[in-house]
Amino acid sequence: MRIVRTISEMQALSRRWRGAGDPIGFVPTMGYLHEGHLSLVRIARRRASAVVVSIFVNPTQFGPNEDFDSYPRDFERDEALCRREGVRAVFYPDAEEMYPPDYSTWVTEEQLSGPLCGRSRPGHFRGVCTVVTKLFLAVCPDVAVFGQKDAQQALVIQRMVRDLNFPLQVVIGPIVREADGLAMSSRNKHLEAAERRAATAVFKGLQAALEAFRSGERRTDSLVQLVRAPIKASGGRIDYVELVSRERLEPMSPEVTAPALLAAAVFYGKTRLIDNVFLG
Ligand code: AMP
């Protein structure tokens with residue numbers, strides 16, 4: 001397994017593999033890998049003979065008061081996990097490699113980036129679109145795999161890939177959860193024991209809403225309330241709980257009428273967690 005620190009080396013390697021007829025699968029991450037990330041690596045391996053994982057905590061997608069500095073990092077552990085999963089290369093650039101001092105070019109998606117996390121994290125998706133573009137141009141993948149855990153990000157990337165004609169296929173992998181339902185996240189490491197226990201309320205709420213939906217409940221307010229109630233009772237601070245259309249992320253009210261995304265962002269202490277389920 002290669003550890004690649006520069007864009008030029010990554011591009012050369014990618015050209016070589018492509019020349020040898022090896023399709024390239026790509027899983028972009030911010031590291032501190034868990035089973036959610038590894039599930040995406042396995043999806044990529046089924047579709048491509050050469051899998052590249054990038055590990056880059058992208059400064060431009062964090063707001064000024066967010067957790068860029070404290071974001072968990074452990075490259076040695078990540079490297080060992082990638083090796084075990086049969087990854088061919090880990091692309092591990094530093095911030096200067098990705099953003100030279102006079103860096104001044106940005107990629108923005110201007111529709112799907114607006115609601116949900118876009119509202120509470122201004123500039124976040126501009127950072128995401130920019131870094132994913134740069135990673136795509138470094139790795140030149142045939143297939144890129146993203147997680148449903150970041151549902152809005154997945155939609156934004158799919159739109160960007162379509163709009164800018166990136167010659168690659170985007171695949172979305174399902175959310176991997178802990179035994180008690182908590183969606184796996186690198187940020188879970190920051191939860192104190194009591195917060196960790198309380199945080200299961202997010203999935204419990206989403207699950208309650210999903211069950212109510214399956215039993216015929218269609219009122220947006222009632223479904224959202226089923227998510228909010230257990231989170232509030234658990235001491236979580238709600239950033240948002242929203243029911244939006246699955247394709248366009250538009251609010252659905254007063255009733256759910258089409259396939260919908262029920263998404264939540266919640267703080268436990270300083271840690272912001274996101275999770276979601278599909279309805280219909
Ligand atoms: P991150 O390192 O958090 O930026 O995530 C890198 C990729 O892994 C993104 O496409 C995420 O959506 C995906 N991912 C993160 N957590 C999970 C999870 N629990 N299940 C599935 N995919 C995940």
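Residues take their numbers from the sequence shown, with the count starting at 1. In each ligand, atom 1 is the first atom listed, and ligand 1 is the first ligand listed.
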Would you mind checking which non-hydrogen protein atom is closest to [atom], with the distance to 0.1 Å?
atom	value
atom 4 (O) of ligand 1	Met30 CG, 3.6 Å
atom 13 (C) of ligand 1	Leu40 CD1, 3.5 Å
atom 12 (O) of ligand 1	Asp150 OD1, 2.7 Å
atom 1 (P) of ligand 1	His37 NE2, 3.6 Å
atom 20 (N) of ligand 1	Val176 N, 2.9 Å
atom 15 (C) of ligand 1	His34 CE1, 3.9 Å
atom 23 (C) of ligand 1	Lys149 CB, 3.9 Å

Sub-4.0 Å atoms of ligand 1 with respect to non-hydrogen atoms of [X]:
X	result
Tyr71	3 (O)
Phe146	10 (O)
Met184	16 (N), 17 (C), 18 (C), 19 (N)
Pro28	6 (C), 7 (C)
Gly36	18 (C), 20 (N), 21 (C), 22 (N)

Could you tell me whether Pro174 approaches ligand 1 through its side chain, its backbone, both or neither, with non-hydrogen atoms closer than 4.0 Å?
-> backbone
Report the part of Gln148 in contact with ligand 1, treating N, CA, C, O as backbone and CB onward as side chain, heavy atoms under 4.0 Å; options are side chain, backbone, both, neither.
-> neither
Is Arg121 salt-bridged to Asp239, going by a charged N under 4.0 Å from an acidic O?
-> no
Just checking, any donor-acceptor pair under 3.5 angstrom between side chains of Tyr240 and Ser120?
->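 There is no such pair (donor and acceptor under 3.5 Å, judged by atom type) between the side chains of Tyr240 and Ser120.
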Centre of Tyr32's six-membered ring, under 6.0 Å away, within 45 degrees of the axis: is that where NZ or CZ of Arg73 sits?
-> no
For Ile172 and Gln148 the tightest heavy-atom approach is CG2-OE1, 3.5 Å
Would a 4.5 Å heavy-atom cut-off, applied to side chains only, mark [X] and [Y] as touching?
X	Y	result
Asn276	Gln152	no
Ile3	Phe75	yes
Val156	Val128	no

Is there any N or O on Ile175 that sits under 3.5 Å from an N or O of ligand 1?
-> no
When only distance counts, is Gly147 in polar contact with ligand 1, meaning an N/O pair under 3.5 Å?
->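 Yes.
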Going through the distances and angles, do Glu35 and Arg42 end up as a salt bridge (charged side-chain N to carboxylate O under 4.0 Å, His left out)?
-> CA-CA 10 Å; Glu35 275 299 314; Arg42 289 169 203 142; 3.1 Å; yes
Sidechain-backbone polar pair: Asp275 side chain, Ala264 backbone, donor-acceptor under 3.5 Å |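 No: the side chain of Asp275 does not pair with the backbone of Ala264.
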So if you build clusters from Ile, Leu, Val, Met, Phe, Trp, Tyr with side-chain heavy-atom gaps below 4.5 Å, do Leu13 and Val90 land together?
-> no
